[in-house]
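Reading through the structure tokens given below for one structure.
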Amino acid sequence: MNSLKLTLAGALAGLTLAGCATTTSVTGPTVVSYDHGALDTLLELGLEDKVLAIPQQGLPDYLADLGAKLPDAGSLKEPDQKLLADLQPGLVLMTGRQGADAQISAAKVAPVRDVTLATGDFRDAVSANVISLASYYGLEETAGLKLGELWQHVGEQKAELADAGTVTVVTHNDGNFSLRQEAVVYQMLELTPATVPASVQPVVRGERTFYPVKAETLAEMAPDTLLVVDRSAAVGAEPLKPEILEAAMADAGADTDVVVLNPGLWYLSGGGLQSVRLQVDEVVNAVR
């Protein structure tokens, strides 16, 4: 069996904001963002000076430098509405994660923009969000250049993965697992998923559909690499012990590498100029 590969949550902390020059002369709205992907896009565009506050609870490590500089805007689930009223930002960025009530409350203070990624082609959705955010500041050309650099990087990384084998992605939550259709893995990097047995059936909860699986099912699928997005770790609950999962799969006959991805980056962020690049690099390092 290949040795266990565990991507530590702090491995990405070396990415700092130092490389993102602040564009102090650019006009446009001040912002509080409750979407980390939209936030890291603003940072990559050099707009750090426009950001007034940042949600500190569960903050992904790649944003830690900025978090140390700015006031706490609450959490992704519970925005600090009083702080918004005090700061009077020109724009509040939100997604469905915050819920309708939070968006309605924030809209009493400032314009609210829903930056949820569109369904369909992931690359197109990311590009549309980046260009749209840049348009508030007249930086569409800069955004286009940044996107070009990102897609070139993705293409170069994808070229290294011809021998990656099969890859399965799951979400871990309190000891339970469900299959995850991760666009970075399957759309952008075009990695090959392991075959899902017919015994795996969908479970619908509200507007969301889950595909629960157990260790025995994952062993039956026997991917070369199992990538785990650990929701429990991301929200401060008991994290997965990957060696236990890998041992259970090995006992069932599967020779699979279990890799726990950076929890904050994958569960609480994504879709931004910085986060997409970080996710691509983490997957490539895990599977090649």
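Just so you know, these numbers use all the heavy atoms, side chains as well, and skip hydrogens, waters and symmetry mates. Owing to the predicted nature of the structure, the values given are computational and were not obtained by experimental measurement.
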Ignoring hydrogens and angles, write down the donor-acceptor pairs under 3.5 Å from the side chains of residues 211-219, residues two or more places apart or on other chains.
none

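- Sparse packing is recorded around CD of Glu78, with 12 or fewer heavy atoms of other residues, nucleotides or ligands lying under 6.0 Å away.
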Problem - Lys241 vs Glu243, salt bridge (Lys or Arg N to Asp or Glu O under 4.0 Å): CA-CA, chis, key distance, verdict - result: CA-CA 6 Å; Lys241 294 179 179 176; Glu243 64 275 9; over 6 Å; no
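- For Ala194, the side-chain contact (heavy atoms from CB on, under 4.5 Å) partners two or more places apart in sequence, or in a different chain, are Thr166, Thr168, Met221, Pro223.
- Closest heavy-atom contact between Thr225 and Leu227: CG2-CD2, 3.8 Å.
- Annotation for Tyr186 and Val167: closest pair OH-O, 2.9 Å, computed over non-hydrogen atoms.
- Using modelled atom types, one side-chain atom of Gln98 and one backbone atom of Leu76 make a donor-acceptor pair closer than 3.5 Å.
- Between atom OG1 of residue Thr195 and atom CD of residue Glu220 there is a gap of 10.0 Å, rounded to the nearest 0.5 Å.
- Annotation: the span from Ile54 atom CD1 to His36 atom NE2 amounts to 6.5 Å, rounded to 0.5 Å.
- At distances below 3.5 Å, at least one donor-acceptor pair connects side-chain atoms of Asp72 with backbone N or O atoms of Gln56.
- Contact record, Pro242 with Leu240: CD-O, 3.1 Å, taken as the closest heavy-atom pair.
- Tyr62 places a side-chain heavy atom less than 4.5 Å from the side chain of Ser269.
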Practice task
I would like to know whether Val196 and Leu179 meet side-chain contact (heavy atoms from CB on, under 4.5 Å); could you show each step before the answer?
Solution key: CA-CA 9 Å; Val196 179; Leu179 298 179; 3.8 Å; yes
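- Using modelled atom types and a 3.5 Å distance limit, the side chains of Glu282 and Asn262 yield no donor-acceptor pair.
- Within the cation-pi definition used here (under 6.0 Å to the ring centroid, within 45° of the axis), Arg205 qualifies as a partner of Phe210.
- Between the CG atom of Leu268 and the CZ atom of Arg97 there is a distance of 5.5 Å, given to the nearest 0.5 Å.
- Residues Ala53 and Leu70 come closest through the heavy atom pair CA-CB, 4.2 Å.
- Counting heavy atoms of neighbouring residues, nucleotides and ligands inside a 6.0 Å radius, atom CD of Gln88 exceeds 12 of them.
- Checked by atom type, the side-chain pair Thr95/Asp35 shows no donor-acceptor distance below 3.5 Å.
- With no hydrogens or angles considered, a side-chain donor-acceptor pair links Asp114 and Thr116 at under 3.5 Å.
- Annotation: side-chain contact (heavy atoms from CB on, under 4.5 Å) contacts of Gln81 (sequence neighbours excluded): Pro79, Leu84, Ala102, Ser105, Ala106.
- Val154 pairs with exactly one of Val280, Asp281, Val284, Val184 by the side chain to side chain contact (heavy atoms under 4.5 Å, CB included) rule, that one being Val280.
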Handout entry: Intermediate values then yes/no, side-chain contact (heavy atoms from CB on, under 4.5 Å), Leu45 and Thr142
Key = CA-CA 7 Å; Leu45 293 174; Thr142 299; 4.1 Å; yes
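- His172 pairs by the ring pair (Phe, Tyr, Trp, His ring centres under 6.0 Å) definition with Phe177, not counting sequence neighbours.
- Atom CD of Glu149 sits in a crowded spot, with more than 12 heavy atoms from other residues, nucleotides or ligands closer than 6.0 Å.
- Connection of Val276 to Leu145 is not established within any shared hydrophobic cluster, with ILVMFWY side chains joined at heavy-atom distances below 4.5 Å, either directly or through further cluster members.
- To the nearest 0.5 angstrom, Ser275 atom OG is 3.5 Å from Asp40 atom CG.
- Counted by atom type alone, Thr171 and Tyr267 present zero donor-acceptor pairs between their side chains at under 3.5 Å.
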Handout entry: Working for side-chain contact (heavy atoms from CB on, under 4.5 Å), residues Glu238 and Asp174
Key = CA-CA 7 Å; Glu238 184 69 24; Asp174 192 25; 5.8 Å; no
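- A heavy-atom distance below 4.5 Å is not found between the side chains of Leu226 and Asp257.
- Leu161 has its side chain within reach of Leu189: a pair of non-hydrogen atoms, C-beta onward, lies under 4.5 Å apart.
- The heavy-atom pair separating Tyr34 from Pro55 by the smallest distance is CD2-CG, 3.5 Å.
- The pair Asp86-Lys82 counts as a salt bridge, with a side-chain nitrogen and a carboxylate oxygen less than 4.0 angstrom apart.
- Note that CG of Leu273 is 9.5 Å distant from CG of Leu42, once rounded to the nearest 0.5 Å.
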Exercise for the section: Using the side-chain contact (heavy atoms from CB on, under 4.5 Å) rule, take Met188 and Gln279 through it: C-alpha gap first, then chi angles, then the decisive distance, then the call. Expected result: CA-CA 11 Å; Met188 298 196 69; Gln279 289 176 333; over 6 Å; no
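- Counting all heavy atoms, side chain and backbone alike, Leu59 lies closest to Gly67 at CD2-CA, 3.7 Å.
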Practice task
I would like to know whether Arg277 and Glu44 meet salt bridge (Lys or Arg N to Asp or Glu O under 4.0 Å); could you show each step before the answer?
Solution key: CA-CA 11 Å; Arg277 180 184 288 262; Glu44 190 67 21; over 6 Å; no
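- Taking CD of Gln157 as the reference point, atom CD of Glu160 lies at 6.5 Å (rounded to 0.5 Å).
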Using distance only, find each side-chain donor-acceptor pair of residues 127-139 under 3.5 Å and give its atom names and separation, not counting sequence neighbours.
from: Ser127; atom 1: OG; to: Arg123; atom 2: O; distance (Å): 3.0
from: Ser127; atom 1: OG; to: Trp151; atom 2: NE1; distance (Å): 3.4
from: Asn129; atom 1: ND2; to: Val115; atom 2: O; distance (Å): 2.8
from: Ser132; atom 1: OG; to: Arg113; atom 2: NH1; distance (Å): 2.8
from: Ser132; atom 1: OG; to: Arg113; atom 2: NH2; distance (Å): 2.5
from: Ser135; atom 1: OG; to: Ser132; atom 2: O; distance (Å): 2.5
from: Tyr136; atom 1: OH; to: Arg113; atom 2: NH1; distance (Å): 3.2
from: Tyr137; atom 1: OH; to: Pro29; atom 2: O; distance (Å): 2.7

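- Scored by the side-chain contact (heavy atoms from CB on, under 4.5 Å) test, Ala110 finds Pro89, Val92 as partners (sequence neighbours excluded).
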